[in-house]
Amino acid sequence: MRCQLCGEVAVISMPQHRLKLCEEHFPAWVERRVARTIESFRMFSPDDRLLVAVSGGKDSLALWEILLRLGYQADGVYIHLGIDHEGYSDRSQSYAEAYAETHPEATLHVVNVRERYGRSVPELALEGGRKTCSRCGMIKRYLMNRMAREGDYAAIVTGHNLDDEAAQLLQNNLYWLRGYLQRQAPVLPQTHPGLARKAKPLCLVAERESAAYTLVRGIEYIQQECPHSVGATSIFHKHILNDLERRSPGTKLQFYQGFIRAREDGFLAGTDETPPLEECAQCGQPTSANALCAFCRMLETEEP
Ligand code: AMP
Ligand code: ZN
Ligand code: ZN
């Protein structure tokens with residue numbers, strides 16, 4: 001297998017792009033693709049300060065690397081969720097820290113949920129009788145937004161890749177979750193002074209491509225999946241999409257890009273179900289709830 005640009009040994013074949021590339025041309029191709037994604041969706045501008053949500057996994061570390069290589073000023077935030085099974089949170093943190101140590105131009109902020117709020121995410125979920133993953137999502141979104149606003153960052157960027165987005169889209173379509181469809185976008189602008197702009201620059205990069213990118217660039221990441229994600233519907237949906245992709249390369253990209261184009265053409269106009277936002281009486285963060293936001297309600301009603 002040979003690189004189509006230089007004839008050297010290819011490290012990856014991407015049937016959906018009809019492209020095989022070597023260890024030099026492949027990472028450069030990924031970086032260009034991300035740069036074009038950022039520009040075409042007007043995610044942010046070259047002098048914006050960015051906050052990368054870093055989980056210690058391959059996607060967010062690849063994203064951090066790409067943004068720094070593209071010349072962005074990008075700091076990171078790691079949220080320690082207190083998931084102790086096989087040292088998951090501690091180990092994830094050490095991968096994020098190891099990366100940051102070799103990149104002195106960037107700062108890694110760490111938020112430790114247990115140290116700050118007295119209980120871990122699984123404990124908070126258990127107390128509230130909620131599913132760990134949904135609680136975890138709410139807590140991460142809250143803390144990411146808060147860190148971005150407090151640090152005066154122009155945007156929070158996450159490592160969601162094409163596989164994540166396509167699986168989310170499938171889920172949203174299966175159940176016709178209109179509000180979620182409306183809010184599923186490569187970039188969400190700041191709709192309230194207290195709400196940070198959010199962007200997903202890897203949304204057109206497949207999981208397999210981001211894994212290959214970290215390998216070629218020599219980035220070490222946590223390979224262990226979150227113990228709570230075992231059996232998650234999203235993983236099942238990713239398998240289904242991979243089956244489709246094997247049969248017809250390009251399906252995933254077509255599914256997601258077609259949706260984004262339709263969305264931009266106003267296909268979802270009039271389905272916006274987001275209620276007006278007010279400020280939480282406790283923490284001041286924007287919320288659609290009366291008085292307290294979901295995060296403060298959780299802390300208030302679920303005392304240790
Ligand atoms: P996931 O929902 O685990 O697939 O993660 C999606 C994205 O959310 C990742 O690519 C990261 O950008 C971000 N993220 C997930 N977990 C964390 C964490 N513990 N700390 C900071 N960012 C995270
Ligand atoms: Zn080449
Ligand atoms: Zn609040």
Side-chain angles (χ1 to χ4, degrees), residues 1-12 19-29 50-64 67 74-83 88-93 95-97 108-113 117 120-121 133-134 136-148 156-161 163-165 167-168 194 198-203 205 207 210 216 221-222 224-229 232 234-235 238 277-300:
M1 187 169 85
R2 296 278 156 189
C3 173
Q4 283 163 237
L5 296 182
C6 70
E8 286 294 320
V9 175
V11 291
I12 191 167
L19 199 57
K20 298 182 181 82
L21 294 173
C22 69
E23 62 180 7
E24 188 194 328
H25 288 116
F26 170 66
W29 176 85
L50 309 174
L51 185 63
V52 186
V54 182
S55 66
K58 61 179 175 337
D59 301 307
S60 49
L61 285 175
L63 174 60
W64 204 1
L67 292 173
D75 287 341
V77 58
Y78 173 75
I79 303 172
H80 188 296
L81 304 159
I83 297 171
Y88 180 73
S89 289
D90 286 347
R91 293 187 55 231
S92 307
Q93 180 172 339
Y95 281 102
E97 282 174 343
L108 177 70
H109 307 278
V110 174
V111 184
N112 188 307
V113 174
Y117 302 103
S120 68
V121 168
C133 298
S134 70
C136 184
M138 183 274 279
I139 293 169
K140 281 192 289 201
R141 280 193 300 277
Y142 176 88
L143 292 173
M144 281 176 198
N145 187 64
R146 201 160 156 172
M147 290 300 289
I156 178 117
V157 287
T158 55
H160 292 97
N161 59 37
D163 295 51
D164 294 326
E165 292 303 298
Q168 182 71 56
K198 293 196 190 86
K200 303 173 194 171
L202 296 188
C203 64
V205 175
E207 193 162 307
S210 95
V216 175
Y221 61 90
I222 185 153
Q224 181 188 353
E225 293 291 337
C226 174
H228 295 279
S229 73
S234 60
I235 296 180
K238 280 184 187 175
L277 295 174
E278 286 163 37
E279 280 173 17
C280 169
Q282 185 84 33
C283 71
Q285 288 242 80
T287 174
S288 54
N290 274 332
L292 292 189
C293 72
F295 187 84
C296 290
R297 259 196 335 266
M298 169 188 78
L299 293 180
E300 188 116 309

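First listed ligand is number 1; within each ligand, the first listed atom is number 1.
Using a 4.0 angstrom heavy-atom cutoff, Met144 counts as in contact with ligand 1. Look at Val77 and you'll find a heavy atom under 4.0 Å from some atom of ligand 1.
Comparing heavy-atom distances from atom 17 (C) of ligand 1 across Ser55, Ala53, Ala232 singles out Ser55 as nearest. In the candidate list His80, His160, Glu225, Lys140, Lys140 is nearest to atom 3 (O) of ligand 1, counting heavy atoms.
Leu50 has its side chain within reach of Leu67: a pair of non-hydrogen atoms, C-beta onward, lies under 4.5 Å apart. You'll find the side chain of Cys22 stays beyond 4.5 Å of the side chain of Leu5, heavy atoms only.
The environment of Gln224 atom CD is dense: over 12 non-hydrogen atoms of other residues, nucleotides or ligands sit within 6.0 angstrom. More than 12 heavy atoms of other residues, nucleotides or ligands sit less than 6.0 Å from atom CD of Glu97. Heavy atoms of other residues, nucleotides or ligands lying less than 6.0 angstrom from CD of Glu279 number 12 at most. In Gln4, the CD atom is crowded: over 12 heavy atoms of neighbouring residues, nucleotides or ligands sit closer than 6.0 Å.
The closest protein non-hydrogen atom to atom 18 (C) of ligand 1 is Ile79 O, 3.8 Å.
Separating the CD atom in Glu207 from the CD atom in Glu165 is a distance of 12.0 Å, to the nearest 0.5 Å.
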Practice problem: In sequence, state the C-alpha distance, the side-chain angles, and the governing distance for Asn161 and Ser210, and then conclude on side chain to side chain donor-acceptor pair (under 3.5 Å). | Solution: CA-CA 8 Å; Asn161 59 37; Ser210 95; 4.6 Å; no

Practice problem: Any chance you could lay out the salt bridge (charged side-chain N to carboxylate O under 4.0 Å, His left out) test for Arg2 and Glu8, step after step, and finish with the verdict? | Solution: CA-CA 6 Å; Arg2 296 278 156 189; Glu8 286 294 320; 5.3 Å; no

Quiz item: For Glu300 and Leu292, what are the C-alpha separation, side-chain angles and deciding distance, and is it a side-chain contact (heavy atoms from CB on, under 4.5 Å)?
Solution: CA-CA 9 Å; Glu300 188 116 309; Leu292 292 189; 3.7 Å; yes

Quiz prompt | side-chain contact (heavy atoms from CB on, under 4.5 Å) between Leu51 and His109, intermediate numbers included | solution = CA-CA 9 Å; Leu51 185 63; His109 307 278; 3.9 Å; yes

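Below 4.0 Å from some heavy atom of Thr158 lie the following atoms of ligand 1, by number and element: 12 (O).
An N or O contact shorter than 3.5 Å is missing between Leu81 and ligand 1 by distance. Residue-to-ligand polar distances keep Val157 apart from ligand 1: every N/O pair is separated by 3.5 Å or more.
Among protein atoms, those of element N, O or S found less than 2.8 Å away from the Zn ion (ligand 2) are Cys3 SG, Cys6 SG, Cys22 SG, His25 ND1. Protein N/O/S atoms closer than 2.8 Å to the Zn ion (ligand 3), listed by chain and residue number, are Cys280 SG, Cys283 SG, Cys293 SG, Cys296 SG.
For the residue pair Gln285 and Arg146, no side-chain donor N or O sits within less than 3.5 Å of a side-chain acceptor on the partner.
Contacts between Val54 and ligand 1 below 4.0 angstrom, taking non-hydrogen atoms only, involve the backbone exclusively.
Ring pair Tyr117/Phe295 is perpendicular by interplanar angle, where above 60° counts as perpendicular and below 30° as parallel. Using cut-offs of 30° and 60° for the angle between ring planes, the His80 and Tyr78 rings count as perpendicular.
In this structure, atom 10 (O) of ligand 1 has a protein heavy-atom contact shorter than 4.0 Å.
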